[in-house]
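Below is one structure; the comments refer to it alone.
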Amino acid sequence: MIQKILIANRGEIALRIMRSCKEMGIRTVAVYSDVDRTSRHVAYADEAICIGSALASESYLNIEKIINASKQFNADAIHPGYGFLSENAHFARRCKEEGILFIGPDAECIESMGDKISARQNMIKAGVPVVPGTAEDLQPKDLIRLCRKIGLPVIIKATAGGGGKGMRLVRDEKELQEAYYSAKSEAKASFGNDIVYIEKYIESPHHIEIQLLGDTHGNVIHLFDRECSVQRRHQKIVEESPSPFIDEKTRLKMGQIAVKAAKAIGYAGAGTIEFLVDDKMNYYFLEMNARLQVEHPVTEEVLGVDLVKEQIHIANGKKLRFTQREILQRGHAIECRICAEDAQNNFTPSPGIICHIQSPQGIGVRIDSHIYDGYEVPVHYDPMLGKLIVWATTREYALERMRRVLYEYKITGIKTNIDYLRKIIDTRDFVKGNYTTHFIEENSKKLQQDGKQIEELEDIAVIAAYIDYLVNNNNPIEGEHQNQADNRPISRWRSFGKQKSILRF
Amino acid sequence: MIQKILIANRGEIALRIMRSCKEMGIRTVAVYSDVDRTSRHVAYADEAICIGSALASESYLNIEKIINASKQFNADAIHPGYGFLSENAHFARRCKEEGILFIGPDAECIESMGDKISARQNMIKAGVPVVPGTAEDLQPKDLIRLCRKIGLPVIIKATAGGGGKGMRLVRDEKELQEAYYSAKSEAKASFGNDIVYIEKYIESPHHIEIQLLGDTHGNVIHLFDRECSVQRRHQKIVEESPSPFIDEKTRLKMGQIAVKAAKAIGYAGAGTIEFLVDDKMNYYFLEMNARLQVEHPVTEEVLGVDLVKEQIHIANGKKLRFTQREILQRGHAIECRICAEDAQNNFTPSPGIICHIQSPQGIGVRIDSHIYDGYEVPVHYDPMLGKLIVWATTREYALERMRRVLYEYKITGIKTNIDYLRKIIDTRDFVKGNYTTHFIEENSKKLQQDGKQIEELEDIAVIAAYIDYLVNNNNPIEGEHQNQADNRPISRWRSFGKQKSILRF
Amino acid sequence: MKILVDNKLREVELLSKEDNNLQVAANGKTYDIDVVMSENGFCSIICDGRSYNAESVKHANGNYTITTNFRNFDIELFNTHRNIRKSSDSDNVLQSNMTSPMPGKIIKVCVELGSQVKKGDALFVVEAMKMQNTYMATRDGEIAEILVKEGDAVAKDQALLSFK
Amino acid sequence: MKILVDNKLREVELLSKEDNNLQVAANGKTYDIDVVMSENGFCSIICDGRSYNAESVKHANGNYTITTNFRNFDIELFNTHRNIRKSSDSDNVLQSNMTSPMPGKIIKVCVELGSQVKKGDALFVVEAMKMQNTYMATRDGEIAEILVKEGDAVAKDQALLSFK
């Protein structure tokens, strides 16, 4: 039985994992980089060790340093969280060699799903639908035959491609020849490689994924779906469960096929199969994430299951605690990713010192976050400050609740995307629950528009600043202070000896 | 349809009600007393008005001032919360006269259950078990007959009694005569009234209550049970749902009988019937609370129902949204009441300024609280700072979680009962789930004992204070400051121009 | 430096500081620590690989209350300008004033001028946060002055009466 | 007093104060308000029965960022000692320095000493929070100095290059 776990990660996910460990009475070891000494995960752990500089390769991605730390603290197991080493087969293998449990699937599983081509082949073998097409060199003679086989619209893509170059969408068979040759020549010009292949073009795609749990005894169950189509540059922003788009029949079929896929590769641990779903609810395998995902809380809220606890349970070599029949969805959960970015200025990162946080509370709200008053958000890691999750009996209520808690969430000192998230939640397509991965693009104008009531709010803001100014500058001991930077009213109030930290003007 | 609600309350319950209103798009009006200008409920509301001095009779209990405020702001309805005017029939009647919806049962219902004798009579009429006994003048000739009818042990009580005076426990028929006369003479001496009556003595009583919802169309459903036996001086401290004591059959029977009782008096709104349950799972009507209760969140967590939303739904004259069959318990919830009191010093109240709060977060935790950094807890109202609620799939997991979140909850500046709550959660009887209303008394010694590791913690505390001292006193600008009270490190750091609010020493 | 922790006398000293590594002697033991403190009193101490948290509140009189792992410690530090107060004051010296340990409202004054009271006798009933608390005499003596009357609101540490 | 709100010039004045009731004129309108502010910048304003919240951050240069109802306002106040800066600086005057709008790491320097650039040309690629951002020229001109090189970590407001 695992007694101590080293968490090879940082920020909110490190904290989230430690919380479950604490509940289970498992001791935790934090690793941190130089700049993360002030991160909450360091203070929350039972033990902590600095493993290197801010550069991930010197710390959170440094396999040997992490292995050494685990041995130094006698950790029985390592939880990799998401990102960093979570899908690194070499790391999983090194853990095994050192006799440390890696909380995740084994190295072979990670490898078989890590490479997109082998993952696609494995899935075809397991009978899982993949986006129809061919990854081989497309020859002129096969063009029409393959196109007809796949069905229009199709897309012709350069194998070496990227960034939209060497790519042609074909909606009509008449366009096929020209598209083929122009894609080829563009690919040649751009990448020096003119191999192209053909794939079905999925219109109005939904990104919907199935959560899985498998044990080391060959049992696999699915934990239903998450809808993750609200994406900006392939980064998920808002996730929900269940998907408002697919029907019950599709949901169950997708769950069953995901279980089949996981069983085919002998998957043990928590994992996710991502699908593209078209507007006719045809679903196609996209990729498998052999780890916990950022958006796992929406599943936890709807099912009542603590996925980290189940991961540890599985790592202990035990059988799954639930049968498929015991897993029932209840109500609806939505997650918003709170990020340090300036949504009104092309999503520029906004690191810096957090002045003050007022967190939402009350019924149906969950926050997974590592930030606190005075914390400096470092420039070295991704801009996610935490996750705001709501649960309610219906999607309509969950939306109402998310509006309420976004209103309650106040973070000052740095810029955040809270206002942007509010606009997403209020966008008609989102409210209707009928949105695709094109949602952000299609609604980009609306999402940048300002709300009403600006004049009234502006006056309130002016008054707030002015009152603060008056409090500071009517201060009798003003002359004493050399440094005008430190004239927050409170320092003065304290000097006044008022012993109050709230001032009524 | 209700568009605007005035909340005739303060603190956490006012905030909790406003949160549901905000989700429903209903505007809120806060009323506040002089000293409550800084309370969070004032800032949270859409509109707010001061209605008088700190003295409750001048503000939160002043019916006409509240009615006037409602009219001034055109509120459609008044939500009374709990305490204050929530079970005041006259207030309910005044609201009706003024055409304002009172969110609660009508005045007649409140009256019929407000008086203990009439409540008892109503319940007997409705076939609800009450504690066996007689409230009439007990005569010597009836002694043995009534005692045998009720069954030993019995208690002989003075009608005018209180504080244990004029009360005799009888476990053996032989003691009956002497107990009767000595109770009578003590009652005469203490209260000048020697009327006594006889009642069954409930051994090892559990305080278990059933939540009800009734609409104005005569439909009533129960929302299962809450166990509230952890009490100190009749004040509940920890509540949970479902009760770990009663079996499924008793749970259902109690639910059914509670519905029957509510139907008998035509109850509409949210309400609770409190029962005393003996060690053989016999249950007896104790009283009815014709309002929302402090501990309502444990029911909300287990059922997924927002009780405030349902209250408003009912007040709108609509039919209940659920049938009895749709109400299913899932998992287990526990609530701890966080209070400003010094548990190690006879629970002395501890009002004052809150320096810093670190709230628990993550999976399965809910906080309903109105406190914030810098808030001054006033001396005029009850010491509850808020409620900490956890939910998990099983009671065992909920206990683990409560331990974790109590550890995470840090409130400084005033004394709180958080440590005491932790000890309750760790007490063997509580862990086993087999405890009665005598729990606090029986475990009083254990609950006052200190934990282990004191020496190590003491050294850490010394170091923390010493470092803070060093930071202040090695400060180059020290000479400038006259007032040594204001030498928190941070003011200095800011003066340093470091622009950091975290200091690494 | 001398330090009082919950009225027990201790010693604490900074032995060395190199970058972020401090060596501190406390209570006879040597600790190698790495400390982070935040503006609002949160303190993280890593000592020999173990991660400790403390919450610190500095009072107006320069004393501290430190909370760590559920436990509160009241701490008084003595620098060169401040002498160690006799830690046994409360036991040995008869205090002539009685002050209010918390803010509240005087509900009842149980004694009169010139009353002879014994340790443990009720002197005042004070209401705070809807609860009534009885303040008892901490010594025997004769009441010389009563400084409050029924209905008065009193602040923390306000003088309530004096003994002769 | 003059005030700049998101670069728009406004007036604000305290007209009267009686107990907790303030009268303030802002932007030509008169407001009767009751204000509470907390140490950490939370501000509650009750105005004509309506309850408003604002979160206030005061910057080192004396400017404010006020957040209310999701909206951020950048505010600059001008007392007698401080003159109103020309609010159109950025449009009319050619700035000779280019500074980094955020902390980050220089991934690529796209220009050389003496390069002629046009407004909108890429100057630097900077990485922060795992995202790459391209800094563009805000004017035409010739590069006089390049103050950073690839791989450098830069602070917010650090000078990156100067124009001739």
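Proteins come first, then strands; the chains are lettered A, B, ... in the order of their sequence lines, and each starts at number 1.
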Is it the backbone or the side chain of A/Q358 that comes under 4.5 Å from a heavy atom of chain D, or both, or neither?
side chain
Using side-chain heavy atoms (C-beta onward) and a distance below 4.5 Å, is D/L22 in contact with A/I467?
yes
Which heavy atom of A/A465 sits nearest to which heavy atom of D/I75, and what is that distance?
CB-CG2, 3.8 Å
Measuring from A/I460:CD1 to D/R50:CZ, what's the distance to the nearest 0.5 Å?
8.0 Å
Once rounded to the nearest 0.5 Å, what's the spacing between atom CG of A/N346 and atom OG1 of D/T134?
9.5 Å
Would you say the side chain of A/I463 lies within less than 4.5 Å of the side chain of D/I33, judging by non-hydrogen atoms?
yes
How many angstroms lie between atom CG of A/D459 and atom OH of D/Y31, to the nearest 0.5 angstrom?
3.0 Å
Which atoms of D/T68 approach chain A - backbone, side chain, both or neither, heavy atom under 4.5 Å:
both
If I compare all heavy atoms of A/H380 with all of D/K130, which pair ends up nearest, and what's the gap?
O-CG, 4.2 Å
Using non-hydrogen atoms only, which part of A/Y381 is less than 4.5 Å away from chain D: side chain, backbone, both, or neither?
backbone
Using 0.5 Å steps for rounding, measure from the CD1 atom of D/I66 to the OH atom of A/Y466.
14.0 Å
Checking heavy atoms, do the side chain of D/A54, its backbone, both or neither come under 4.5 Å from chain A?
side chain
In this structure, OG1 of A/T412 is separated from CZ of D/F42 (nearest 0.5 Å) by 12.0 Å
Take atom CD in A/Q235; do more than 12 heavy atoms of anything else shown fall under 6.0 Å from it?
no
For the atom pair CG (A/D419) and OG1 (D/T67), what is the distance rounded to the nearest 0.5 Å?
10.0 Å
Toward chain A, the part of D/V12 with a non-hydrogen atom under 4.5 Å
both
With only heavy atoms counted, which part of A/S350 is less than 4.5 Å from chain D, the side chain, the backbone, both or neither?
backbone
Are there more than 12 heavy atoms of other residues, nucleotides or ligands under 6.0 Å from atom NZ of D/K118?
no
Indicate yes or no: does D/R71 engage A/E458 in a salt bridge with an N to O separation below 4.0 Å.
no
State, yes or no, whether a side-chain contact exists between A/P349 and D/N133 at a heavy-atom distance under 4.5 Å.
yes
Considering all heavy atoms of both residues, which atom of A/Y407 and which atom of D/N53 are nearest to each other, and what is their separation?
OH-ND2, 3.7 Å
Mind checking whether A/T348 and D/M131 have side chains closer than 4.5 Å, heavy atoms only?
no
Check whether any side-chain heavy atom of D/F70 lies under 4.5 Å from a side-chain heavy atom of A/K423, and answer yes or no.
no
If we define contacts as heavy-atom pairs under 4.5 Å, which of A/K415, A/K410, A/E341 has the most with chain D?
A/K410
Interface moiety of A/A56 toward chain D, non-hydrogen atoms closer than 4.5 Å:
neither
Are the side chains of A/L55 and D/K105 in contact, using a 4.5 Å heavy-atom criterion?
yes
For A/F347, is it the side chain, the backbone, both or neither that has a heavy atom under 4.5 Å from a heavy atom of chain D?
backbone
Step through the shown structure and confirm whether more than 12 heavy atoms of other residues, nucleotides or ligands are within 6.0 Å of CD on D/E142.
yes
Please name the pair of heavy atoms, one in A/D468 and one in D/S56, separated by the smallest distance, quoted to 0.1 Å.
OD2-OG, 3.7 Å
Output yes when D/K29 and A/E456 qualify as a salt bridge under the 4.0 Å nitrogen-oxygen rule, no when they do not.
no
